[in-house]
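Quick notes on the structure that follows.
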Amino acid sequence: SSGPTVDAGPVRIGYFPNITHAPGLIADAAGFFGTRLAAAKATPTTSSFNAGPDVIQALLSGSLDIAYIGPNPTVTAYVQSKGAGVRVIAGSTSGGSSLVVRAGINSAADLKGKKFATPQLGNTQDVAFRYWLSTQNLTATKDGGGDVSILPQANSAAVQAFKTGNIDGGWVPEPYWSSLVKAGGHVLVDERTLWPGGRFVTTNVIVRTEFLTKRPLAVQAFLEAHLDALDLCAADAGKARGFAASQIKKITSQTPDAGSLAAAWGNLAFTADPLAATLRQSAANADSVGLLVAKPTDDFASLWQLDPLNAVLLARGQKAVAA
Amino acid sequence: MTSPTTSISERRPLDPIDVPARPRPTRRPGRKVLAPLLAVVVLLAVWQGVVATGWRPDYLLPGPVTVLAELGHLVTLPEFWAAMARTLSRALTGFALAIVIGTAIGLATAGSALLRASIGSLITGLQTMPSVVWFPLAILLLGLGEGAIMLVVVLGAAPSIANGVLLGVDQLPPSYFRLGRVLGAQGWTLYRHIVIPGALPAYVSGLNQGWAFAWRSLMAGELLVVIPGTAALGNRLAFAQEFADAPGLMAYMLVILIIGMIADQIFSAWSRYLRRTRGLTQA
Amino acid sequence: MTSPTTSISERRPLDPIDVPARPRPTRRPGRKVLAPLLAVVVLLAVWQGVVATGWRPDYLLPGPVTVLAELGHLVTLPEFWAAMARTLSRALTGFALAIVIGTAIGLATAGSALLRASIGSLITGLQTMPSVVWFPLAILLLGLGEGAIMLVVVLGAAPSIANGVLLGVDQLPPSYFRLGRVLGAQGWTLYRHIVIPGALPAYVSGLNQGWAFAWRSLMAGELLVVIPGTAALGNRLAFAQEFADAPGLMAYMLVILIIGMIADQIFSAWSRYLRRTRGLTQA
Amino acid sequence: MTLTSSPPAPAVERGRVRLKGVGKVFGSGSQAVTVLQDTDLDVRPGEFVAIVGGSGCGKSTLLTMVAGLEKPTSGTIETGGKVALMFQEATLLPWLTATQNVELALRLQGVDKAERRDRARHLLQRVRLGRYVDLRPHELSGGMRQRVALARVLAQDAAVVCMDEPLGALDALTRDQMHDLIEDVWLEARFTALFVTHNVREAVRLADRAILMGGRPGRIIHAEENTMARPRVMDSAPVAAAAAGLTQRLKDEVASHDESDYFDI
Amino acid sequence: MTLTSSPPAPAVERGRVRLKGVGKVFGSGSQAVTVLQDTDLDVRPGEFVAIVGGSGCGKSTLLTMVAGLEKPTSGTIETGGKVALMFQEATLLPWLTATQNVELALRLQGVDKAERRDRARHLLQRVRLGRYVDLRPHELSGGMRQRVALARVLAQDAAVVCMDEPLGALDALTRDQMHDLIEDVWLEARFTALFVTHNVREAVRLADRAILMGGRPGRIIHAEENTMARPRVMDSAPVAAAAAGLTQRLKDEVASHDESDYFDI
Ligand SMILES: Nc1ncnc2c1ncn2[C@@H]1O[C@H](COP(=O)(O)OP(=O)(O)OP(=O)(O)O)[C@@H](O)[C@H]1O
Ligand SMILES: Nc1ncnc2c1ncn2[C@@H]1O[C@H](COP(=O)(O)OP(=O)(O)OP(=O)(O)O)[C@@H](O)[C@H]1O
Ligand SMILES: [Mg+2]
Ligand SMILES: [Mg+2]
């Protein structure tokens, strides 16, 4: 294609210091962002967040351009901005959440009268748990009542509450899944078993719509870096994990436990495929348990904008993905 | 050379010397209520003005009309009132606890040089800790329940109250202590009849601050600990925030603001009453 | 019938009437520093005692030895000092801003009955809002970065400072205002020479509270966004919590506590100085 | 609130104090207390007026209104030029030393720094506090505080100087010295003085005119010019005689009223 | 700090006040100021002692120490029974009405509620404030506040009553009535009175013994028994004569010192 080959200007990228955002962490730590964006004369700056709403707020108000984010905030950003604010330009991570429970609980029926954590009312895991319960004919109200008591709380608090016996388990993402297991829990439901092909979206990459239209070259360069990271995950898991770990350390000053990290890594899959159908399904599930923020008028028709990704994938000799 | 001449009774109301250096007790009864309402109205107008410029899309910065409509919808929902009732009752319980504990600590530290030098700083030090760090401890000590929330509320509010007591006692004219001793008041009697009433205005201000921090800590607490079967304002606020539901978030913020303002009005009225009876209101 | 007889100079030091009802200026210079240290030591001892009972496993409740070792390790790391420096400089900047804004608001509301009735409550109302709810607004107004953090800090601290000013002015004996007017002080001059110095003790107490809340809000604000490689105390604290790193969390809590106590010591010393020169320290 | 309802104040010359039909009511409704009623007084520029009257009869209230700190409920008060007031309580600012308390009055008149300090020290010497200039109020005795306040009111350089029992806490010797001081400064500066005292001989010692006030409600019951030559001696026979006359007058006045009305039984 | 270093206090009988070699120094080191030096005084139970002296000579400090609010730096003070003190400033609690201020003194002695109120009102009537019992301090005049404080100190029912210039803010008529009142209560209750005043005739009117104090450092320079029959009349010739004698004594004493030392130049 003809047009400019450089796209000077800042590119602001956000992610969480969390293993489910590994491709972002790796691309940053390994210098892929730097190299790829420098080739387009753009300057990447990365920042790390702690909460999805802050990422969305930053993105929608123009303080951030590209972010690794879960499906739930993705839906929120899309719906709240009436389909205008953001686009998914790639997938990142699949899998990595499950229902971990304490010993003695071995079936859905055993959950009755017990208390379980989810990260946040209405978030991906919370919806998954509630939907699954509904398929088991168990009730759970939004305020923690019903057959099974769901108590949304911060993941780290959930781990502690589990250790002190205040809760009986939780439907949590990695690395807390591994933490709960380490604290004596066992997996009752691996969410992968609930999805066709064992794959469902855990993290994808969103971009500000305006940025996508105005800065196609920067987006392209970003995608190259992102795919570099995914390739490294596929080619050398150990090395990739090392990059992720070092970036987490750099941000949090905490050294992730190598064993837990490896365990978590095994429960995740990294892919450029945004697994669009699973996001749609998850939104439908949320709707059925009454936790969808609002129905998009277009059934997410323009959420995914995968042309740039597919162009890069094809250029790298990989298969295109579909929304 | 003409000398300046002034005729006191004939000065116009806005002559500078007539502008009271401090508010005089207002006679118009409605004003105490009208003025804050006016402030809110001005705030809403400015906000609407900003929104009207189209500076930000309305899903980021909804206008007051949207937010008020949302609020109008909220107040029709029984769950809203249930959440409100739950949160208010927690706030009142926690605040009551904080009053007892904060007052006791304040009086103890005010009355003892050693205690003051030793734990005075510790208390303020504890106050600098954000609420969230107390949760692991609260959960550890009291489990995941009302107890943990109460602990965090008390930790948030008690220091302010203790500080109010301390400031009140420190500001008391030494002549009151001397009078108390001459009248034979010692220990608790001295506190009961001289120190506490004397420190009351600062104490009320401490209570006002304490309420603000009780409420603030409670919001944090309700974000982190959910008790089965109970929705509360804090959770709903968090829920609105999680869903980037700007009108909802702002509607809840308005609710919190209004409750805070009502509380402040109560404490202010109390404080005005105290100042009036003590002759502190005339400039 | 024998009458009670007392010989003042010969009373023993612990005779009740000799126990000062309020602390007298202590002459031993080390005591002001030693007493809080003692309090910390007692705290550590109690903590060690609880841990020694084996009530909770040490990964949930580590003992002081473990935590102090962790702290000892932390202070050898240059990143720790970098984080400390970043957070302290943010705290100082934010606090300075909050002082300017809080003082201005306090003086304005103290000086005007209308402003006080209208925005007085609004300010306290804003104070009841937890820091996190300000994040969306902060990002919207100031973008991601220091500005947003500063906004949260100022919103946390300024109301306490304004409140200190208000309380100080309200508590001033009306005779000072009258004196000021007789001496020809009006408007700013009245404030400069009479009101502000007179309100200083309460103001210092407000500053102390303001610092606590500046710090507290900063801890929350630093969670907002982290540029990799530029950690600050607030996010280190949060991440220690995320990673269930109990010794690390407690070590950071100790750091915050110590900084808070140092700040309190500074403000307390100031306040003691003020009370001494005003003759408020003798019972 | 309309401008026309208050006719332009007739200009009075510097130093004049003119009260016309002045009344003061505290509180309102059933709580209303009439403290001062229908008081007329015209003080010539440079005149020294002493005000004598029973406890609670409204002397302080009158001075407060002349100084512009309270507004009369009825009538008008006109004053020419700046009015200084020495309060019945010393009212020193506790965070300032004796010197600084006096300096503040000078500072607020715009006197510059160097002069300020000298004048303050000089005045404190004249009230015989030269050794105590750097002490703070709480380190001073009651009478010493009163003298600092006296120094301060004299520092104000006002056209009208109101003093509310300025020497009540002083021993006879110091008081006599303060009489000389006040008279000297008054003769130098020719300010108008309104001087409240309970000591009738003091009133005779100092004043050109003594005003007797009665209470419940406060009002002027008698005024007496005093043309004795200055300086007058407090312990002299003529002063004592004049004082006795005034005291008798006050007692008669009281007797002519129901005592239970004058005294607050 | 050892117990043996303070020998057991010899018991003094109720109402006695005995000062032996009492000294008071404020501050320490280079800041030290000796306010009172080597003062001996023995007051008999039931005696009425008036203390007269220059401004700042240490009268209030002396009373404060007798009341146990300050400790002497040297010497001993022994008092038999409860000591009440009326401060130089009225020191009323602003949140209490006049009645409540007086009632507080009774309450702290354990007087029960009904009696408390009656006694407080009765005392306020005797200080001629019967109409003002429900006003708060800021609504009272200076002299009225002083009388509330007087009522309060009399309510204390103490063995020793110290009064620091209790009538300084009162007009002559009211003051005379208060003299009668104080004398009556004293004759009824036979407390020991320590009465500071700047009015030498007042001292002669009331006291069994007048003590003259000199300043810098404060000390007792003269004591004079007064055996005139009671009731004495303030304006009578014998009282005036005795007062003149005392005043002369005070002046002589001052003259015998360097004046600049006695007065604070
Ligand atoms: N704020 C007030 N509210 C009600 N009454 C007041 C108020 N201020 C003063 N008064 C009343 O006004 C009267 C006169 O008071 P004022 O202080 O003028 O007396 P005074 O002549 O100065 O007496 P004194 O010689 O005792 O100082 C008193 O009866 C007092 O109770
Ligand atoms: N806290 C203090 N620090 C230093 N000096 C003090 C202190 N308190 C009192 N003094 C000094 O002690 C001396 C005596 O004070 P005191 O109040 O006893 O005098 P007084 O005889 O009652 O005088 P007056 O008649 O003026 O009330 C004064 O010179 C005063 O400056
Ligand atoms: Mg008066
Ligand atoms: Mg004295």
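Residue numbers start from 1 in every chain, and the chains themselves are labelled A, B, ... in the order their sequence lines are given, proteins ahead of strands.
The list of salt bridge (charged side-chain N to carboxylate O under 4.0 Å, His left out) pairs with a residue in residues 236-247 of chain E, not counting sequence neighbours, is empty. Among residues at least two apart or in separate chains, there is no salt bridge (charged side-chain N to carboxylate O under 4.0 Å, His left out) pair with a member in residues 51-66 of chain E.
Interface remark: E:Asn199 contributes no atoms to any contact with chain D (heavy atom separation under 4.5 Å). For D:Asp164, no part lies near chain E; criterion is any non-hydrogen pair under 4.5 Å.
For the atom pair CZ (E:Arg147) and CG (E:Leu140), the distance works out to 9.0 Å, reported to the nearest 0.5 Å. One distance of note links CD of D:Glu139 with CZ of D:Arg145; it measures 10.5 Å at 0.5 Å rounding.
When each of E:Gly168, E:Gly27, E:Gly142 is checked for heavy-atom pairs under 4.5 Å with chain D, E:Gly142 comes out on top. Considering only heavy-atom pairs separated by less than 4.5 Å from chain E, the leading option among D:Ala172, D:Gly58, D:Gly56 is D:Gly56.
Identified by a heavy-atom distance below 4.5 Å to chain D, the contributing residues of residues 83-91 of chain E are E:Gln88, E:Glu89, in residue-number order.
The existence of a salt bridge linking D:Arg232 and D:Glu183 is excluded, since no basic side-chain nitrogen approaches an acidic carboxylate oxygen closer than 4.0 Å.
When all heavy atoms are compared, the tightest approach of D:Pro217 to D:Thr34 is CB-O, 3.6 Å.
With E:Asp171 contributing its side chain and D:Ser55 its backbone, the two residues share a donor-acceptor pair below 3.5 Å.
Under the side chain to side chain donor-acceptor pair (under 3.5 Å) criterion, E:Arg119 pairs with E:Glu115, E:Asp157, sequence neighbours left out.
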